Amino acid sequence: MSAVFGDSRTIPASDKVKDCMKQLQAKGLFKEQRDVWTLGAALGIALGKTDTTGKRETFQNINSLDPENIFAAVMMGLYPDISPELRLSKLVDHAEWGIKQIYDREQNGTLDFSKLGVKTTS
Amino acid sequence: MNITHIRIHNFGPFYGDHEIIFPNNGVGVHLMRGNTGQGKTSLQRAILWSLYGKVRDRKGKDISPTSLLNKVAQKEKNYIFWVHIHFIHEGKNCVISRQMKAKFNQDSLYESGMELNVTEEGVPKKNPLQEIERIIPQDLSRFYFFDGEMLRDYEDLLEQYSSSIKILKDSIEHILGIPYLTTARGDLNQVQIGFEKYRAKIIKNLGGKEYEKLSEEYEGICDAIISTEDNIKKLGNQIQGLDEEISRLTRVLADLEPTKILAERKIKLDSDIRLNREKIEQELLKLQHLNAIYYKTVFADVSKNIIQVFDEKHRSTMEKYDRKQRLKKTEHDIQDSIDGVKCSLCSHVLDPERLSSFNKQKELIAAEIETLTEVPEPNLQYERYKTILDISLKSQINRDEYKQINKVKILLEYDIAIYQTQLDEIQSKLGDVDDKQPSRIIAEIKNFERELGRLRQVKKDEEEKKIKQLETKSILDQQLSSINKDELNILKNRIEITRKLANIFDEAITIYRENRRLEVEAEATRIFKQLRSKTDFESLKINENYGLYIITKGGDVLDRAVWRSAGEEQIVAFALVGALNKCAQIQAPIFMDAPFGRLDLRHGSQVISYLPQMSQQIVLLVTDRELRLEDEKLLSGYIKSDQTLIHRGEERGSFIIPTPSGG
């Protein structure tokens, strides 16, 4: 699967998102920060949303965040014709958006896990 | 004894000098009005302190002298307080004056600086303590100075197994004069033992080893009996002391019942909250577990679409590969056909036309194979991605699981909020009260009860020992009686007479006790009938332990649990107190502090109507709510004075003033 994300071994995240993950974990909603990351990334992918703002720095190892290569398979399916580096960057953008969403919803009391990723018809 | 006036100085809330006068030589009903906190209870305590030198609070604990001294006087370092009671007793003017004085505000200094005087017609009595005990013994004060709450002691007599019965029995027997006879009976016993020991001494002097041994044995057994009796008496006192302490603690516990209930409720609520928080923790763990795998569900739709794309790409690549393989086979077959139209020996073309056709076909197929050269091997990459996503889709979770967790969590949090509100209410009700006190008292009572059980067993053993000693003494008695000497015969007769006298006393005590009990029973029944509200009650029955029963007109003996009514119980208690005062050997005023607080209006009126008959002098310490205008009418003609207690702030304290007209 290394071809999917090229030679990259780690996934970066912005300071803002790192802080969001830390707080959500502290509230007891997630056991580990990587669980926030996977859910945030899945949310961004499901809704096709990305956030490209903020400087990203090393967060965690790819194998730790995607041990079953599920994200690799999805990203390969969504972005088959772009470079592995760009593909990884896209994944990070999705995760940035999704994590911020979860955090914001939690903050304003509208976080309903059962409806995460469900597209509204309105 | 009728109190004519009381003078108080620096006692409790009474700063400086205060005087209360009871006109008509104290005879009649005297009202002392005052709302809560004005000084009614302190006034009653001042009288009790003057009589006995100590007072107890409602929980039965002694109040220290430093707490009795007025606070303003304390600030002024004026460490002296006194109470003088002026009264008429057996037609003579008497005064009891007690004073406490100290250099510093320390309890021990007050105790040592206490002065007590009793005068009769201005002449000081030599033994003031003995004089007070003669006029109104301390253990009988409960029948003359009491509050509404103390009536509960007497209501306990309705509980046949209450520990307070034993203590009350002694007090009741005292007020009826029975101890005078029992003391005389004890004295006779001592006289008899004296004669017996003297006889043994004489026998010893007769000489001869046999006599000497017999008399030594006899003296020994007499001493042993005295020692055993002494032990039994001491054990009896210890048992009574423990009984009283248990009774006091039980009363304190009863007073703390609301605290106990609140404390138990608090513990339960604390536990419920803790339990609910643990359950929420469990729900959070479930949530965390779901959140760790939820991403597979969140992008499941995307995954499904990608699987279709991968499927398409895989099928497409496989189709090209299969075509290439088929063309290669055809190319091979054409080559075989080309080889077939040539001679196998000389390669001469046998059919040029067919060869040309085969070569054309071969060229076309080779060109088509050329177009498929970018598919060298079957591509399984898409198949692998597809498999990963297929497996991922199988790990989806039901989104309703979140709803269930949320629902449970909300319910638990709602319950916690309710419990917390209740807990806050309890905490505010408890205030500074020590909510662990009831459990401590219960433990203390259990310890005392264990000790009581042990002492009773020891006493029983001692009593059995005494029986055996008496048996031995009886055998020795027979041997001694057989010695025929004049002096011994005289002693023998004296011993016999004291023995007979003792028996007569025993019988007399039984008869006297029974008669007095019946007298109290009859009087209590008479009062009870006058005060009762239920017409189907016929009489009160008092058993040998002064336990009370109610007898109906049908002759049924009612159990307290059957007819339980707080109002009726208080009436029974009043009836008993009234009867005991009527039958008492002494005559003294009755001071009642807030006596009607626990009575309903109807029973209150009935008791008020009866009060003038209860004693020559009645002093009622009442609030406005307790004694209404209609109630005063019931006492019309009996009220001889009407005064009001008023508290004018911390600095000035309480005052006693004539009640302004209009109440």
Side-chain angles (χ1 to χ4, degrees), chain A residues 1-4 21 24-49 64-81 87 91 94-95 97-99 101-102 106 109-119, chain B residues 277 280-314 316-317 379-407 409-410 413:
Chain A
M1 287 288 172
S2 62
V4 179
M21 289 191 282
L24 287 165
Q25 185 200 18
K27 283 175 190 289
L29 299 173
F30 297 88
K31 191 180 175 192
E32 294 180 57
Q33 287 185 32
R34 69 174 175 197
D35 297 334
V36 191
W37 189 91
T38 51
L39 189 60
L43 182 63
I45 291 168
L47 300 178
K49 303 282 189 179
S64 156
L65 293 171
D66 188 25
E68 297 168 70
N69 290 311
I70 295 171
F71 282 101
V74 168
M75 291 307 285
M76 197 61 196
L78 287 175
Y79 306 101
D81 300 325
R87 195 176 288 130
L91 174 61
H94 283 307
W97 184 88
I99 292 164
Q101 268 295 303
I102 294 170
E106 202 285 326
T110 56
L111 178 60
D112 180 352
F113 284 109
S114 71
K115 289 179 181 162
L116 274 189
V118 178
K119 285 178 183 166
Chain B
R277 286 199 174 129
I280 288 177
E281 284 293 316
Q282 285 168 9
E283 291 304 309
L284 272 179
L285 287 177
K286 279 189 205 167
L287 180 77
Q288 287 176 357
H289 173 71
L290 287 184
N291 280 345
I293 54 171
Y294 190 39
Y295 68 98
K296 297 172 186 175
T297 310
V298 168
F299 58 27
D301 288 345
V302 175
S303 297
K304 284 175 195 165
N305 290 336
I306 292 169
I307 286 168
Q308 282 181 356
V309 171
F310 284 151
D311 248 350
E312 189 58 38
K313 282 186 174 175
H314 180 69
S316 153
T317 52
N379 192 338
L380 299 176
Q381 188 190 10
Y382 298 122
E383 181 65 14
R384 211 159 54 237
Y385 291 147
K386 182 179 162 289
T387 308
I388 289 170
L389 293 179
D390 275 337
I391 294 167
S392 154
L393 282 178
K394 283 175 187 162
S395 308
Q396 279 189 84
I397 56 169
N398 185 346
R399 286 174 185 263
D400 285 344
E401 284 186 49
Y402 277 108
K403 286 182 184 166
Q404 186 56 29
I405 289 174
N406 209 30
K407 193 177 161 188
K409 204 164 144 270
I410 285 170
E413 280 168 349

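All chains are named by letter (A, B, ...) in the order of the sequence lines, taking the proteins before the strands, and each is independently numbered beginning at 1. The analysis underlying the following values was restricted to heavy atoms, covering all of them including side chains, and did not include hydrogens, waters or symmetry mates. Nothing here was measured: the structure is a model prediction, and the numbers come from that model.
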Under a 4.5 Å cutoff for heavy-atom pairs, which residue among A:P80, A:S114, A:G98, A:A46 has the most contacts with chain B?
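So the answer, after comparing A:P80, A:S114, A:G98, A:A46, is A:S114.
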Quick check for you: among A:G77, A:G44, A:G117, A:A41, which has the greatest number of heavy-atom pairs under 4.5 Å with chain B?
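So the answer, after comparing A:G77, A:G44, A:G117, A:A41, is A:G77.
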Which region of A:L47, side chain (C-beta onward) or backbone (N, CA, C, O), has a non-hydrogen atom less than 4.5 Å from a non-hydrogen atom of chain B, or is it both or neither?
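Contact with chain B is absent: no heavy atom of A:L47 under 4.5 Å.
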Below 4.5 Å, heavy-atom pairs only: which of B:N291, B:L290, B:V302 has the largest tally toward chain A?
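That would be B:N291.
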Can you find a pair of side-chain heavy atoms, one from B:Y382 and one from B:V309, that are under 4.5 Å apart?
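Answer no - side chains too far apart.
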Gap between atom CG of B:D311 and atom NZ of B:K386 - 0.5 Å precision:
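That separation rounds to 4.5 Å.
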The test is side-chain contact (heavy atoms from CB on, under 4.5 Å); show your working for A:E106 and A:L29 and say whether it passes.
CA-CA 10 Å; A:E106 202 285 326; A:L29 299 173; 3.6 Å; yes
B:Y294 and side-chain contact (heavy atoms from CB on, under 4.5 Å): which single residue from A:L116, A:L43, A:T38 fits?
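Exactly one pass, corresponding to A:L116.
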